[in-house]
Number of protein chains: 2
Amino acid sequence: METLDTTRDEDFLRLDHQICFSLHAATRAFNGVYRGALKELGLTYPQYLVLLVLWERGELPVKRIGEHLRLDSGTLSPLLKRLEAAGYVERRRSAEDERSVTARVTEDGAALREKALGVPRRIAAATGMSLEEIRDLRAQLNRLAARLDEVDPDDLTVCG
Amino acid sequence: METLDTTRDEDFLRLDHQICFSLHAATRAFNGVYRGALKELGLTYPQYLVLLVLWERGELPVKRIGEHLRLDSGTLSPLLKRLEAAGYVERRRSAEDERSVTARVTEDGAALREKALGVPRRIAAATGMSLEEIRDLRAQLNRLAARLDEVDPDDLTVCG
DNA sequence: GGCCATTCAGTTGTGCACAACTGAATTGTG
DNA sequence: CACAATTCAGTTGTGCACAACTGAATGGCC
């Protein structure tokens, strides 16, 4: 039987054996589909994700948004600035903790939610998958991401 | 029963219902793990993918590399230049078709393959998945990406 | 042969991801 | 209280992804 231990290094190197590549390709394919669906809203896909969080949770510090989306301030700061420039988001320094900046949607941002309501259904339809299949795949991916996030970097170097 | 048709738009908008986000997060988690594993080789993950293709297929036009990796010249041209600057790849204009530029690994690039042999196994181990699970997930993702790549952009707009 | 559409690689501009860093605010500890 | 460590948003620099474009080479068609 073919197992992790009996498979040769050579076989592992084949492109079509790389799950990371399938993941990468599927993500980019999704990105393309979202690009089309979000075009009329004037949003990029990461901007849409940030709005999903703010629509769902209300006003949040940048830090919390980053925890929900697994993104840091280096990505979120300019992204939020662009959302602010577009008039969908307001930012202000927290009164309780002056280090913290919170973001919340403006009226325009809230109105955008109505226009976004139809997006996920069209995306889901585009996948050609049932809700159950989607849920299963999502659960698999979440488990995978959780495990990968826990990996000790030292386990990856040649010398161990 | 909950189906695509009976689920409300509101429910679709929940972040934790978005498969694209799980995909996005898993991809970025993978990227982080690869970053650690490829650090000692001085490669980024996309550069590693390009080398996988060249190791496996030999000399290829930019166009063909892009077909294997679903990338266009806008991404590949600068990436190949960096690989060339690092001494791992040579580029030259094709004699048969002067529009085409082919890339192939140098001796250093071929030598790098030996150092890369252990990478996929360590990555696979980091996923905590069996080869069978990996194969299944990969197949699911490939089907998903193929369907998404076929989507007609007009099916995604509000007016249909 | 002459002309036009197509096919290439490459460039430019925008945006995301992330490491490394800065500087201000806060917290913990003696 | 004082001061060191931590936490936070933001900046900078590098690299990838991709749309839109340029310009050269090619191929089809009359």
Side-chain angles (χ1 to χ4, degrees), chain A residues 20-21 23-36 38-39 42-50 60-67 69-86 89 91-103 145 149 153, chain B residues 20-21 23-36 38-39 42-50 60-67 69-86 89 91-103 145 149 153:
Chain A
C20 54
F21 174 65
L23 213 48
H24 203 60
T27 293
R28 277 165 28 238
F30 249 125
N31 228 305
V33 171
Y34 270 100
R35 212 189 320 276
L38 294 174
K39 198 172 185 176
L43 295 175
T44 66
Y45 169 58
Q47 288 166 5
Y48 170 74
L49 287 180
V50 167
L60 280 182
V62 174
K63 178 78 176 176
R64 295 276 161 279
I65 300 174
E67 285 168 1
L69 298 179
R70 200 191 177 284
L71 292 171
D72 69 2
S73 66
T75 300
L76 286 174
S77 288
L79 190 157
L80 286 168
K81 273 190 181 178
R82 281 186 287 269
L83 283 178
E84 189 171 40
V89 156
R91 290 182 308 150
R92 59 175 179 191
R93 230 154 243 291
S94 162
E96 308 90 61
D97 186 340
E98 294 262 332
R99 291 169 305 181
S100 176
V101 168
T102 63
D149 278 334
Chain B
C20 54
F21 173 66
L23 213 48
H24 205 61
T27 292
R28 277 164 29 236
F30 248 125
N31 229 304
V33 170
Y34 270 100
R35 212 190 317 278
L38 294 174
K39 198 172 186 176
L43 295 175
T44 66
Y45 170 57
Q47 288 166 7
Y48 170 74
L49 286 180
V50 167
L60 280 181
V62 174
K63 178 77 176 173
R64 295 277 160 278
I65 299 174
E67 286 169 2
L69 297 179
R70 200 190 177 284
L71 292 171
D72 69 0
S73 67
T75 300
L76 287 174
S77 287
L79 190 156
L80 287 168
K81 273 190 180 179
R82 282 186 286 269
L83 282 178
E84 189 171 40
V89 156
R91 291 183 306 149
R92 59 175 179 191
R93 232 157 240 289
S94 163
E96 308 89 63
D97 186 341
E98 294 263 331
R99 291 170 304 183
S100 176
V101 168
T102 62
D149 277 334

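Every chain is numbered from 1, with letters handed out A, B, ... down the list of sequences.
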Going by the rule side-chain hydrogen bond (donor to acceptor under 3.5 Å, both in side chains), which residues pair with B:S100 if we only count those two or more places apart in sequence or in a different chain? none
Which nucleotide wins on minimum distance to the side chain of A:D97, given the candidates D:dC18, C:dA25, C:dA19? C:dA25
If you only use heavy atoms from C-beta on, which nucleotide in C:dA25, C:dA17, D:dG15 is closest to the side chain of B:T44? D:dG15
Could you pick out which residue, B:E96 or A:N31, lies toward the 5' side of DNA chain D when each is mapped onto its nearest nucleotide? A:N31
Atom [atom1] of [X] and atom [atom2] of [N]: how far apart are they, to the nearest Å?
X	N	atom1	atom2	answer
A:R28	D:dA19	CZ	C1'	15 Å
B:K39	C:dC18	NZ	C1'	12 Å
A:L38	C:dT14	CG	P	20 Å
A:E67	D:dT7	CD	P	12 Å
B:L60	C:dC8	CG	P	14 Å
A:F21	D:dA17	CZ	P	10 Å
A:D72	C:dT22	CG	P	17 Å
A:H24	C:dA17	NE2	P	12 Å

Give a yes or no answer on whether the side chain of A:R93 reaches the backbone of A:R99 with a donor-acceptor pair at less than 3.5 Å. yes
Test A:E84 against A:K81 for salt bridge (charged side-chain N to carboxylate O under 4.0 Å, His left out), laying out the working first. CA-CA 5 Å; A:E84 189 171 40; A:K81 273 190 181 178; over 6 Å; no
Could you check if a side-chain atom of A:V62 sits within less than 4.5 angstrom of a side-chain atom of A:L80, using non-hydrogen atoms only? yes
Are A:T102 and A:R92 close enough that some pair of their side-chain heavy atoms sits under 4.5 Å apart? yes
I'd like a list of close polar pairs between nucleotides 9-11 of chain D and the protein, N/O only, cut-off under 3.5 Å.
from: D:dA9; atom 1: OP1; to: A:V62; atom 2: N; distance (Å): 3.1
from: D:dA9; atom 1: OP1; to: A:K63; atom 2: N; distance (Å): 3.0
from: D:dA9; atom 1: OP2; to: A:K63; atom 2: N; distance (Å): 3.1
from: D:dG10; atom 1: OP1; to: A:R91; atom 2: NH1; distance (Å): 2.8
from: D:dG10; atom 1: OP2; to: A:S77; atom 2: OG; distance (Å): 3.1
from: D:dG10; atom 1: N7; to: A:S73; atom 2: OG; distance (Å): 2.6
from: D:dT11; atom 1: OP1; to: A:K81; atom 2: NZ; distance (Å): 3.3
from: D:dT11; atom 1: OP2; to: A:K81; atom 2: NZ; distance (Å): 3.0

Does A:A95 or A:L71 map to a spot on DNA chain C nearer the 5' end, using the closest nucleotide for each? A:L71
Distance-only donor-acceptor hits, side chain of residues 23-31 of chain A, under 3.5 Å, sequence neighbours excluded:
from: A:T27; atom 1: OG1; to: A:L23; atom 2: O; distance (Å): 3.0
from: A:T27; atom 1: OG1; to: B:T27; atom 2: OG1; distance (Å): 2.7
from: A:R28; atom 1: NH2; to: B:L69; atom 2: O; distance (Å): 2.8
from: A:R28; atom 1: NH2; to: B:R70; atom 2: O; distance (Å): 2.5

Phosphate OP1/OP2 of D:dG15 contacted by B:R35 side-chain N/O (<4.0 Å): no
